[in-house]
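The next block holds one structure in the form of structure tokens; read it before the comments.
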Amino acid sequence: MSQNKSSTPFVVVLQGPTAVGKSDLALELAASLGGYIISADSRQIYSQLEIGTAKPKPEELKAVEHFLIGELDPKQAFSAGEFVRRAQQIISKRSPQIPIIVGGTGFYCKALLDGLSNIPAVSDAARRELALVKNRYAKLQEVDPVLAEKLHPNDSARIERGLLVYLSSGKPLSSFWQQEQAVGSYDAFSVLLLRERQELYERINLRLDKMIADGLLQEIQELLASGYEWSDPGLNTVGYKEFQPFFQKEKSLTECLEKAKQDSRNFAKRQLTWYRKIKFDLTLSAGSDNLPTILSRLQIERPWLF
RNA sequence: GGCGGGAUAGCUCAGUUGGUAGAGCAGAGGCCUGAAAAGCCUUGUGUCCCCAGUUCAAGUCUGGGUCCUGCCA
């Protein structure tokens, strides 16, 4: 047991709801293990969204090497598949350095660890064709009954995705599930960082107030002035989209700020629901001195690291 | 002080010709195979402000209180 049993790369995964305090712990952990950080965050991947996505500060980005932060233009769409591809590449290139994968996008972490079915990319032609489909759920029932069975008729996003895959490939999305999964197998140590609900909600509220104080509105103003639009993927982000009515002079700043806080709280709740069914090696309560706890566990379970 | 409007779920409010009440939001729980900070589902017994009256029956009508609120003074 003196070394990693196979060549499977070792990764630490740190997850938790928004505003719980993941970044600080990740920095400490990376420093202790001599590792680097990969952000598993569907919003921090965008450039120019600094304040509202609570990106690490420049000093922090300098102290520890970070990946997948600010790499994408807000006009570009991103996806779980793309995340997995990029993360895998970074991990293999950097091996045997230890990546600390930190982020609140649970789906990305799951996709990286458990793999995604190998589903063909969606074509532009399919998108154009989809625009002509009237009753989408009925169409999906006809074309991919297996998927339709699993979806609620109101679940527009997944119905759309199912149809796009069918229109692109000519095969039902569900037919790809059985196929081999593109699993990059890792020896992962998964940590969940939690906080008491009430306290988490209070932190979220305070964080939004602080974002405004730190110049969130100016940041949005600059984005708009640079030609970004509210319909761009990057701006479809909690902490940004709620301020559209303010910039369009339809609602007061207070109203928009309250909505942003509300949406963040709802988001945190959804994250917590997601994490409940994910298996973690260690669940920690934020606020205490968690670094030693993680390190001692690793010393026992992954002695070759030390 | 005068003339109005209102008092119903944590919040904002609906409630039809009287038959013991319902939406949105919040809260809570859940789903999730390339938009996941997205998308979606489930979940509402509360002194209908108080007292008295009419009535088989009052959130709903009548009278009297109390407290908000708008305009005029």
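Worth knowing before you read on, the calculation uses all heavy atoms, side chains too, and leaves out hydrogens, waters and symmetry mates. Order of the sequence lines fixes the chain letters, A, B, ..., with proteins taken first and strands second; residue numbering starts at 1 for each chain.
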Is any side-chain N or O of A:E160 under 3.5 Å from a base N or O of B:A35, one able to act as donor and the other as acceptor?
yes

Taking C-beta and beyond as the side chain, do A:V191 and A:F280 meet within less than 4.5 Å on heavy atoms?
no

Quick check: do A:K269 and A:R197 have side-chain heavy atoms less than 4.5 Å from each other?
yes

Base, sugar-phosphate, or nothing for A:Q262, non-hydrogen atoms under 4.0 angstrom?
sugar-phosphate

Please tell me whether A:F189 and A:F10 form a close aromatic pair, meaning their ring centres lie under 6.0 Å apart.
no

Separation of the P atoms in B:G5 and B:A23, to the nearest angstrom:
29 Å

Rounded C1' spacing from B:A52 to B:U66 in Å:
15 Å

5′-ward residue of the pair A:G239/A:R161 relative to RNA chain B:
A:R161

Side chain of A:N266 only, heavy atoms from C-beta on: which candidate in B:A37, B:A26, B:U33 is closest?
B:A26

Quick one: on RNA chain B, does A:S156 or A:R43 contact a more 5' nucleotide (nearest heavy atom)?
A:R43

Against the side chain of A:N154, the closest entry in B:G29, B:G34, B:C40 is B:C40

Report which part of the nucleic acid A:G52 touches: base, sugar-phosphate, or nothing (heavy-atom distance under 4.0 Å, all strands).
base

